There are 4 protein chains.
Amino acid sequence: MAYRETEKMRERKARARQNIIERTWECVAEGGFRSARITRIAGLAGVATGTIYRHFESREDLFAEIFRLATQREVDKVAEALNVYGNAVERLDNALRKFAQRALKGPMKAWALIAEPVDPKVEEERLVYRKAYASLFEQAIRDGIAEGCIPDQNARLASTCLVGAISESLVGPLSPTQTDIPPGQDNNEDELVNTIVCFCIRGLTGTRS
Amino acid sequence: MAYRETEKMRERKARARQNIIERTWECVAEGGFRSARITRIAGLAGVATGTIYRHFESREDLFAEIFRLATQREVDKVAEALNVYGNAVERLDNALRKFAQRALKGPMKAWALIAEPVDPKVEEERLVYRKAYASLFEQAIRDGIAEGCIPDQNARLASTCLVGAISESLVGPLSPTQTDIPPGQDNNEDELVNTIVCFCIRGLTGTRS
Amino acid sequence: MAYRETEKMRERKARARQNIIERTWECVAEGGFRSARITRIAGLAGVATGTIYRHFESREDLFAEIFRLATQREVDKVAEALNVYGNAVERLDNALRKFAQRALKGPMKAWALIAEPVDPKVEEERLVYRKAYASLFEQAIRDGIAEGCIPDQNARLASTCLVGAISESLVGPLSPTQTDIPPGQDNNEDELVNTIVCFCIRGLTGTRS
Amino acid sequence: MAYRETEKMRERKARARQNIIERTWECVAEGGFRSARITRIAGLAGVATGTIYRHFESREDLFAEIFRLATQREVDKVAEALNVYGNAVERLDNALRKFAQRALKGPMKAWALIAEPVDPKVEEERLVYRKAYASLFEQAIRDGIAEGCIPDQNARLASTCLVGAISESLVGPLSPTQTDIPPGQDNNEDELVNTIVCFCIRGLTGTRS
DNA sequence: AATGAATGAGACTTCATTCAT
DNA sequence: TATGAATGAAGTCTCATTCAT
């Protein structure tokens, strides 16, 4: 019979691609981009290595795509969290909390997106990502300055401080090698997030929240 | 006499070892640990690759040693900066400024010590390093709380936030991909350091400094 | 009616095959056999790669067929050019000129047919092709010897020399790497053809034409 | 004991390199550059693949070196053959004969040097090689014109014809697939060389030698 | 009969480490 | 003790061919 079920095949192909993407993201979640081998990804996805190359031009391109997708998801979440009802400080508080919570859930993923050294094409995506974050926070800070709830300051630099404080505070300390921190009240995730966000908000506003 | 010979040899060996260490640190300053090749290190040091292995068990061990030494130097600087006359906030301000300035002078070094992904043995050293920093800042924060110039808070977590905010703010923004930030007042190194340190101090104290 | 259907299908199939052949020859004209990818041929022909394999057993078989057809065309041209009115030398002069001119018009094609290294099955076809040429020229040379306008000699070997001299003189010098020959009178195509053909005729006749 | 026998090792290394070169040339003699695999070369040489890369930057560089060496040998032989006592025609006759005889001894080698499509770096060497040949023959032809034993003509073009006629006449017909030409007087190597060289000389001089 | 996604062997290359000298 | 040539596992990528649809 003729090959008419193009639709079905297209779907199947899309599924295969999606599968590769998900398996790749799994690998990245395990050890970052650098240690995600094409052979391992193919193995996990249950396809031949060549198949990866039918869906993506190169390892770098695959990673760039993964990065783009994961990043978009994160930025969207932050944008959404900034979009609640309230003044700028409240909205920033909400967004920072969201950002921190998500990073805590997948530290290696967060690290891969934020700090892992990557190839040029992926780094290019990261630049876009950083700019997206910077823009979001920066605008919210500007709003706060206009509203009078945040003192006048260099909004751009401040937004970088926010991302930095949270990233390192969460990603750094929680990286695999650091999970030996003795458990206790201090390690309670909620308190961790709370403390960091308070630090950030105070850093911005200069007031005890 | 035989003893003198041995003495001489020991000294010579120590010099060789020191030389390898210094050349390795140079390589790391260029491109981080990952891109520091044994062959290049040997080349710079003017010895054979095999000689490296007479002084260090493996590349990883060499790097761990490098890390340990570099780290100690940094921690010492911060400790020294914390040791000035003044109240806790002033001392922390001084230390954070020192930390930020040093990171700015050698961003790649700072990145290698703070954020570059490294092999387990090196990561182990990093943990020690983080703890050393944490301890120093933590103690200063506790002092501040006791003095009443810093509000009561989780000192350990706060110290992590400090390191994180500064690291990412400096190492991140100054990484190669971010050098396209348009030059201007904002890029002035002093202002950069100033802004970040203020953010940190406010984050700690909750007051506009 | 069933028969008519079959007839129509046969025709359609023949057209598809012809299309594949023409597109393949285009690819060969671009970069020779070696760089003619099945995927590219299929793309140009507007069919799937699998379809190629419905018409030809393998890439090698496809190339062998292409070679056979192209070759036949060339040999026919030479045969035709040898078939003019005149003595053997004049007829050979005419044929060599034709041969040279055609090679000049499509150097890559000529190179693919004459000199490109190819797989066994294609090489087999090349043998046939060479023999066809040899036979044509050989017969003309024999005619010339009989007519007395060409001195007695090994006609078969002489015919090989003719093909060789022209092929290399045209295909070799016109290959991409040699296009840096400074332009001028020497590069005039007509003069080039003229010189080579004269060389060949002199080689045969031993007289200054 | 200290590593003092640098001389010995240098010699050994040179031998290893020489060995690789010879084994590579063997591979080329079997199937040309294209089919000479690094793994096979390493296997023949009895070394690891990595060893090849200690002596040569890349496969292409190795081939370029092989080409350079083989080429130099050939050009030297021709230069030497042109350097005998006699007039230009006699010297050319001698050189062409030498050239033809050598090509006959190793057709695949000759083909690899003359006509096989190769990577850019190797092609670059070929250009040098072609120029060297062209220069040698061209000068001899000019000498002949000056001496009056060769009629005035485009010496450069003529020299190309010579190389072409011989190359194709010998390399083409004698390639592996063509060895099924029935043996007989015609296939006698001496006669073959003789015929081709006569053809060439007549092509140049326009006289029956 | 046509499709084209999937296959997977095989090619080149890198570089930390070893060991005869 | 120092040397550095040699090692070889491991990585990415290509492309002719197959086969379920």
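Heavy-atom basis, side chains included; hydrogens, waters and symmetry copies ignored. The shown structure was predicted, so the numbers you read here are calculated from the model rather than taken from an experiment. Numbers restart at 1 for each chain; the letters A, B, ... are given by sequence-line order, proteins then strands.
With ring centers used as reference points, C:F56 lies 6.0 Å or more from C:F63.
Side chain of D:K8, nearest nucleotide from F:dA16, F:dA6, E:dT21: E:dT21. When each of F:dA6, E:dA6, F:dT18 is scored by its nearest atom to the side-chain atoms of C:Y53, the top-ranked nucleotide is F:dT18.
Each of C:R34 and B:G46 was matched to the nucleotide of DNA chain F holding its nearest heavy atom; the match closer to the 5' end belongs to B:G46. Ranked by how close their nearest DNA chain E nucleotide is to the 5' end, D:E60 and A:V47 are led by A:V47. Where B:A48 and C:E57 each meet DNA chain F at their nearest nucleotide, the meeting point lying more 5' is that of B:A48.
Here C:T39 does not reach the OP1 or OP2 of F:dC15: none of its side-chain N or O atoms lies under 4.0 Å away. Residue C:R37 places at least one side-chain N or O under 4.0 Å from the OP1 or OP2 atom of F:dA16. The phosphate of F:dA6 (OP1 or OP2) has a side-chain N or O of D:H55 nearer than 4.0 angstrom. Between A:T51 and E:dA5, a side-chain N or O to OP1/OP2 separation shorter than 4.0 Å is absent.
Between C:A36 and C:C27, the shortest heavy-atom contact is CB-CB, 3.9 Å. Contact detail for D:R34 and C:R34: the closest heavy-atom pair is NE-NE, 3.2 Å.
Pairing of F:dG11, defined by two Watson-Crick or G-U wobble distances under 3.5 Å, is identified with E:dC12. The base-pairing partner of F:dA5, taking Watson-Crick or G-U wobble contacts with both distances under 3.5 Å, is E:dT18. Pair assignment for E:dA1 gives none, since no Watson-Crick or G-U wobble pairing has each distance under 3.5 Å.
Remark: A:E123 CD to A:E60 CD distance equals 11.0 Å, nearest 0.5 Å.
Following rounding to the nearest Å, C:I41 (CD1) and F:dA16 (P) show an atom-to-atom distance of 8 Å. Between the CD1 atom of D:I20 and the C1' atom of F:dA5 there is a distance of 11 Å, rounded to whole Å. Atom P of nucleotide F:dG11 and atom CG of A:L62 are separated by 16 Å, given to the nearest angstrom. Following rounding to the nearest Å, B:R12 (CZ) and F:dT1 (C1') show an atom-to-atom distance of 10 Å. At whole-Å resolution of the value, CZ in A:R15 and C1' in F:dT21 are 14 Å apart. One can place CE of D:M9 at 8 Å from P of E:dT21, the figure rounded to the nearest angstrom. B:F56 places its CZ atom 12 Å from the P atom of F:dA2, with the value rounded to the nearest Å. Regarding B:I52, its CD1 atom lies at a distance of 16 Å from the P atom of F:dT1, rounded to whole Å.
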Worked verdict on A:R68 versus A:E125 for salt bridge (charged side-chain N to carboxylate O under 4.0 Å, His left out):
CA-CA 6 Å; A:R68 192 161 28 237; A:E125 295 301 324; 2.6 Å; yes
So A:E26 and A:L44, side chain to side chain contact (heavy atoms under 4.5 Å, CB included) or not? Walk me through it.
CA-CA 9 Å; A:E26 266 177 33; A:L44 282 178; 4.1 Å; yes
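Residue contacts shown for A:I38 are limited to sugar-phosphate atoms, with no base heavy atom under 4.0 Å away. Among the protein residues, D:T49 comes within range of the nucleic acid bases, having at least one heavy atom under 4.0 Å from a base atom. In this structure, A:A16 reaches the sugar-phosphate backbone alone: every heavy-atom distance under 4.0 Å involves primed, P, OP1 or OP2 atoms, never a base.
With hydrogens and angles left out, the side chain of C:R54 and the base of E:dA2 share a donor-acceptor pair within 3.5 Å. Between the side chain of B:R59 and the base of E:dA16 there is no donor-acceptor pair of N/O atoms closer than 3.5 Å.
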